[in-house]
Amino acid sequence: MTGHSVEYEVVVVGAGFGGLTMAWELKEAGVRNFLILEEGPEVGGVWRENTYPGCSCDVPAHLYSLAFDPYRDPRVRYPDAQAILSYLGAITDRHGLRPHLRCDTAVVGADYRDADRTWSLTTSAGDQIRTRAVVWAVGQLHRPAVAQLRGADTFGGPMFHSARWDHTADLTGHIAVVGTGSSAAQMIPELARTASSVTVYQRSPSWVLPKPAASFGAMSRWALTHIPGLHGLYRAGLYRAADLVLAPTTHAGWSAKALELVAREHLRRQVRDPELRRTLTPDHRIGEKRILIDSGYYRALTEPHVELVTDPIDRIVPDGIRTVDGIERRADLIVLATGFRAREFLDGVRVRGRGGVELHDRWRTEGRPTAFYGLAVPGFPNLYLIAGPHSFTPTNSNPAVKQHQVRYIMRCLALSARLREPIEVTEQAMATYLNHLDDALDRTVWRDGKATTWWKTADGTVTNAWPGTVAAFGKALTGNNPALSFTVPDSRGGLSGAPQPRPHDEPCRTG
């Protein structure tokens with residue numbers, strides 16, 4: 001790399017699954033001069049910020065864990081948020097990452113310095129940090145989408161987003177929950193245990209598959225404890241099963257009709273009231289939005305003190321919510337389970353690359369956020385993303401996707417070190433990738449689907465989701481040589497000798 005002095009070789013921004021994976025790989029590769037910046041008080045990312053009742057993961061713990069230190073508890077099948085936080089904290093300590101960690105430090109700006117080919121990061125406190133490379137591992141599900149409801153300022157009780165839970169709030173009165181996504185499905189059964197009433201405001205229903213028990217049974221615990229290698233086999237089986245069975249639903253593939261029948265039967269068994277069952281039956285194809293895995297949500301909705309409302313909200317009134325049909329329902333507390341602003345990548349951060357080009361300006365010009373396999377953008381040397389555009393899987397484990405990205409980023413950093421210069425992905429490699437990506441997206445149920453989902457804009461543009469299996473994502477990155485897709489900016493800020501991607505590369509094969 002360049003010989004100019006910097007404080008760090010690499011700065012990793014974010015200390016969730018992606019950031020900790022990146023930090024571990026750097027340490028394993030012998031890089032000692034790196035820093036992890038975390039805006040929160042501790043590691044954990046979205047699992048630190050979501051503390052609502054019932055918060056848990058609907059991906060099995062053995063799969064929802066890191067490859068270099070996989071989950072090995074023979075008791076727990078599905079972890080709750082606290083278990084995931086404890087796991088990430090233990091990894092931070094066990095692998096000696098804490099000395100590299102700086103918490104309560106938000107990055108608000110990143111500027112590439114053409115003169116010495118380094119990055120200058122600006123924190124919210126005004127500090128400047130110099131680094132040769134920066135890796136953004138800030139995730140997608142951490143900026144709450146707060147519904148803008150008329151009359152919200154007139155409400156007489158507490159009202160907050162599910163990711164900003166107020167633990168002083170009284171949960172024994174009349175509670176309104178706006179939204180019926182994953183967070184709502186998890187919290188509603190818990191709220192129904194204590195509340196006088198729970199009113200759930202649904203915009204559109206989701207397909208729901210039954211969720212096995214959170215804990216393993218006695219036989220499974222014995223087997224996982226005493227049979228060597230069974231933890232690894234179980235993890236591998238989950239990974240392959242998700243790609244084989246769940247992923248095809250995004251293309252109306254072989255498993256879609258079978259899984260829809262399972263979801264319909266799950267609904268029929270848990271909801272006897274035909275009218276309630278009708279309002280909970282989606283009118284979109286399974287796979288158009290993220291499938292919920294839950295066994296308590298439907299049962300909670302059948303409780304006599306729980307009401308499902310499908311009429312749109314007109315406005316908030318001082319003592320509740322009025323829907324468009326004119327009915328006002330009492331609420332002492334309103335919970336906005338309205339998701340996250342996941343399409344706003346690096347929102348609130350100014351990122352300037354070569355020649356002062358602003359990353360968000362580039363994305364606005366293109367009409368959508370894009371990145372080479374969700375991890376690199378032309379014009380931004382030695383800048384990488386983990387969980388960038390089009391690298392979210394709605395059907396498998398996202399830590400696995402991040403692991404594939406991290407390994408490729410490590411190859412890019414190694415190439416940059418050999419060349420002793422920063423590198424960036426070429427426009428031609430980016431164009432080739434986007435052509436294959438768009439072809440793959442056109443074959444999904446998302447493009448012309450009826451369902452609204454957080455990874456798609458109102459005009460149908462898909463911004464977040466990967467249109468294939470996680471195995472295909474990993475295979476595409478493994479087969480792509482950074483030396484053929486990345487190049488070195490010349491001294492004038494242009495590109496020198498941009499290599500061409502191999503014509504037989506097919507980066508978006510979805511098999």
>> Atom CZ of residue position Arg240 - does it have more than 12 heavy atoms of other residues, nucleotides or ligands inside 6.0 Å?
In response: no
> How about Arg72: does its CZ atom have over 12 heavy atoms from other parts shown lying under 6.0 Å from it?
Replying inline: yes
Closest non-hydrogen atom pair between [X] and [Y], with its separation:
X      : Y      : answer
Val445 : Arg285 : O-NH2, 3.3 Å
Ser204 : Thr180 : O-OG1, 3.5 Å
Ala137 : Gly18  : CB-C, 4.0 Å
Ile423 : Pro489 : CA-CD, 4.4 Å
Pro422 : Ser416 : CA-OG, 3.6 Å
Val349 : Gly109 : CG1-N, 4.1 Å

Under the 3.5 angstrom rule, does the side chain of [X] hit a backbone N or O of [Y] as a donor-acceptor pair?
X      : Y      : result
Glu9   : Asn33  : no
Thr338 : Ala145 : yes
Asn50  : Val46  : yes
His62  : Pro74  : no
Asn398 : Thr393 : yes
Thr131 : Trp119 : no
Thr92  : Leu88  : yes
Lys456 : Ala451 : yes
Arg203 : Gly179 : no
Thr105 : Cys103 : yes

> Under 3.5 Å, is there a donor-acceptor pair linking the side chains of Thr122 and Gln128?
Replying inline: yes
Are the side chains of [X] and [Y] in touch, meaning some heavy atoms are under 4.5 Å apart?
X      : Y      : value
Thr249 : Trp207 : no
Lys27  : Phe34  : yes
Asn480 : Phe372 : yes
Leu85  : Glu42  : no
Arg164 : Pro144 : yes
Thr123 : Arg102 : no
Pro381 : Arg117 : no
Tyr87  : Ser65  : yes

> Would His95 and Phe68 count as a close aromatic pair, with their ring centres under 6.0 Å?
Replying inline: yes
> Where do Gln403 and Phe17 land on the side chain to side chain contact (heavy atoms under 4.5 Å, CB included) test, with the steps shown first?
Replying inline: CA-CA 9 Å; Gln403 179 72 70; Phe17 275 91; over 6 Å; no
> Got a sec, which pairs hit salt bridge (charged side-chain N to carboxylate O under 4.0 Å, His left out) with one end in residues 81-93, sequence neighbours left out?
Replying inline: Asp93-Arg98
Please determine if [X] and [Y] form a salt bridge, counting it only when a charged side-chain N lies under 4.0 Å from a carboxylate O.
X      : Y      : result
Glu288 : Lys450 : no
Arg352 : Asp114 : no
Arg130 : Glu7   : no
Arg364 : Asp361 : yes
Glu28  : Arg407 : no
Arg447 : Asp438 : yes
Asp58  : Arg290 : yes

> Can you list the steps and then say if Thr457 with Arg368 is a side chain to side chain donor-acceptor pair (under 3.5 Å)?
Replying inline: CA-CA 9 Å; Thr457 62; Arg368 58 173 172 169; over 6 Å; no
Determine the interplanar angle of the [X] and [Y] rings, folded into 0 to 90°, and report it as parallel if under 30°, tilted if 30 to 60°, perpendicular if over 60°.
X      : Y      : value
Tyr408 : Tyr373 : tilted
Phe160 : Trp165 : perpendicular
Tyr384 : Phe486 : tilted

Atom [atom1] in [X], atom [atom2] in [Y]: separation rounded to 0.5 Å?
X      : Y      : atom1 : atom2 : value
Leu238 : Arg235 : CG    : CZ    : 9.0 Å
Thr469 : His251 : OG1   : NE2   : 9.0 Å
His142 : Arg48  : NE2   : CZ    : 10.0 Å
Leu244 : Asn396 : CG    : CG    : 11.0 Å
Trp47  : Leu141 : CH2   : CG    : 9.5 Å
Leu336 : Gln148 : CG    : CD    : 9.5 Å

> With sequence neighbours excluded, what pairs up with Tyr78 under the ring-ring contact (aromatic ring centres under 6.0 Å, His included) test?
Replying inline: none
> Picking from Trp466, Phe345, Trp446, what satisfies ring-ring contact (aromatic ring centres under 6.0 Å, His included) with Trp455?
Replying inline: Trp446
> Run the side chain to side chain contact (heavy atoms under 4.5 Å, CB included) check on Trp24 and Asp69 step by step: do they pass?
Replying inline: CA-CA 10 Å; Trp24 182 84; Asp69 194 338; over 6 Å; no
> Checking ring pair (Phe, Tyr, Trp, His ring centres under 6.0 Å) for the pair His161/Phe340: CA distance, chi angles, key distance, verdict?
Replying inline: CA-CA 10 Å; His161 191 275; Phe340 300 87; 5.7 Å; yes
> Where do Arg362 and Glu427 land on the salt bridge (Lys or Arg N to Asp or Glu O under 4.0 Å) test, with the steps shown first?
Replying inline: CA-CA 13 Å; Arg362 176 188 172 98; Glu427 292 284 3; 3.0 Å; yes
>> Let's go through Asp439 and Arg443 carefully: what are the C-alpha distance in whole Å and the side-chain angles of both, what is the deciding distance for side chain to side chain contact (heavy atoms under 4.5 Å, CB included) to 0.1 Å, and is it a yes or a no?
In response: CA-CA 7 Å; Asp439 286 344; Arg443 296 193 294 272; 4.0 Å; yes
>> Run Phe380 and Tyr112 through side chain to side chain contact (heavy atoms under 4.5 Å, CB included) and show every step you take.
In response: CA-CA 8 Å; Phe380 295 82; Tyr112 183 71; over 6 Å; no
